[in-house]
Amino acid sequence: MFALRLASLFLLSTTFVSASPAPAADFTAVEKRQVSTASIETVFTTLQSSTNSTLPQITALVSGGNATDATVTPLIDDLTSALDTATASLAALPISLKRQTDDDIATLVAGIITDITNALDSLLGTASTIPALGTLLGGVDTSLNQVLLGLEILLAGVLSLVANLLTDVAGLLEQLAMGLTLGTLGL
Ligand SMILES: *[C@@H]1O[C@H](CO)[C@@H](O)[C@H](O)[C@H]1NC(C)=O
Ligand SMILES: *[C@@H]1O[C@H](CO)[C@@H](O)[C@H](O)[C@H]1NC(C)=O
């Protein structure tokens, strides 16, 4: 199972790297065989700066009554592409030999997932004006799940810490039908 995941991540990373070389380039200076959690943290703060910009635009559409396929789709595309960039960046990091401050990473990741979940949940109230919503949410679930699998490869066991921080959010993830993410987190 682990080997399979690793293989699929490898394929994924090759795909993404050839599609967009930018994310991997940030980590060329990282020493081989020793990844500090700082590098992993950088991947997630980059992701967070992207979600910090995208998610408020989603909730603004909802509160403005302007959430439609046409307005929501580009923002969800931004979100999934930020997640895919994080997956590619994680896959470019060497596997950690030394465990460090997993708690900080878990807190950061759980915070990002909570923000994503809350913003997407606001869309459910206007689902009737967004026929593509189910498909869009499925795409977010797939991309988010890949990020989590990539993180677990680098920091085995960290997902149980993340899951512990998400017990309040699990119900919302279920409403959003984020089955892959829920399964990977064991929620
Ligand atoms: C994202 O927003 C949160 C809450 O405002 C803030 O604590 C965090 O530092 C921001 N992250 C980035 C990378 O800008
Ligand atoms: C929603 O659409 C109305 C009418 O086009 C516009 O005036 C308003 O600024 C929009 N609100 C948002 C949040 O985009």
Side-chain angles (χ1 to χ4, degrees), residues 12-13 16-17 19-30 35-64 66-67 71-94 96 100-125 136-137 139-155 158-159 161-173 175-176 178 181 184-185 187:
L12 200 75
S13 77
F16 283 122
V17 166
S20 60
D26 296 345
F27 297 98
T28 47
V30 174
V35 58
S36 71
T37 47
S39 319
I40 299 175
E41 200 166 340
T42 302
V43 173
F44 285 101
T45 47
T46 301
L47 174 60
Q48 191 182 50
S49 62
S50 174
T51 56
N52 274 4
S53 139
T54 304
L55 299 176
Q57 296 180 62
I58 292 177
T59 50
L61 284 175
V62 173
S63 54
N66 298 348
T71 57
V72 169
T73 301
L75 294 173
I76 301 281
D77 285 349
D78 287 350
L79 176 60
T80 53
S81 107
L83 291 166
D84 292 344
T85 297
T87 298
S89 301
L90 289 174
L93 295 176
S96 179
Q100 292 172 19
T101 53
D102 295 7
D103 281 341
D104 291 346
I105 301 284
T107 304
L108 178 58
V109 173
I112 293 171
I113 295 176
T114 301
D115 289 348
I116 291 174
T117 305
N118 286 332
L120 297 181
D121 189 59
S122 73
L123 291 171
L124 291 181
L136 294 171
L137 294 179
V140 174
D141 186 30
T142 301
S143 293
L144 179 54
N145 187 49
Q146 291 297 332
V147 173
L148 296 178
L149 294 177
L151 175 61
E152 180 71 9
I153 285 173
L154 293 171
L155 287 180
V158 73
L159 291 190
L161 299 175
V162 174
N164 287 343
L165 297 169
L166 289 178
T167 48
D168 290 346
V169 181
L172 291 181
L173 285 168
Q175 284 178 32
L176 294 167
M178 298 280 208
T181 297
T184 296
L185 288 170
L187 286 171

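Below, each value reflects all heavy atoms present in this structure, side chains not excepted, and no hydrogens, waters or symmetry copies. Just follow the structure's listing: the first ligand is 1, and inside any ligand the first atom is 1. What you see is a predicted model; the values in this text were computed from it and never measured.
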Is there at least one protein heavy-atom neighbour under 4.0 Å from atom 7 (O) of ligand 1?
no
S50 side chain vs T46 backbone, donor-acceptor pair below 3.5 Å
no
Once rounded to the nearest 0.5 Å, what's the spacing between atom CG of L172 and atom CG of N118?
6.0 Å
In this structure, atom 9 (O) of ligand 1 is nearest to the protein heavy atom Q48 OE1, 4.2 Å
Please identify which atoms of ligand 1 are closer than 4.0 Å to at least one heavy atom of S49.
13 (C)
Heavy-atom nearest neighbour in the protein, as seen from atom 12 (C) of ligand 1, with distance rounded to 0.1 Å
N52 ND2, 3.4 Å
Per side chain to side chain contact (heavy atoms under 4.5 Å, CB included), I113 is matched among D115, V109, I116 by V109
Might you point out which heavy atoms bring A163 and L187 nearest each other, and give the distance in Å?
O-CD2, 3.8 Å
Should L176 and V169 be marked as a side-chain contact (heavy atoms from CB on, under 4.5 Å) after you check the CA-CA gap, both sets of side-chain angles, and the distance that decides it?
CA-CA 11 Å; L176 294 167; V169 181; over 6 Å; no
What atoms in ligand 1 come closer than 4.0 Å to a heavy atom of T45?
13 (C)
Strictly inside 4.0 angstrom of atom 4 (C) of ligand 1, do you find any protein heavy atom?
no
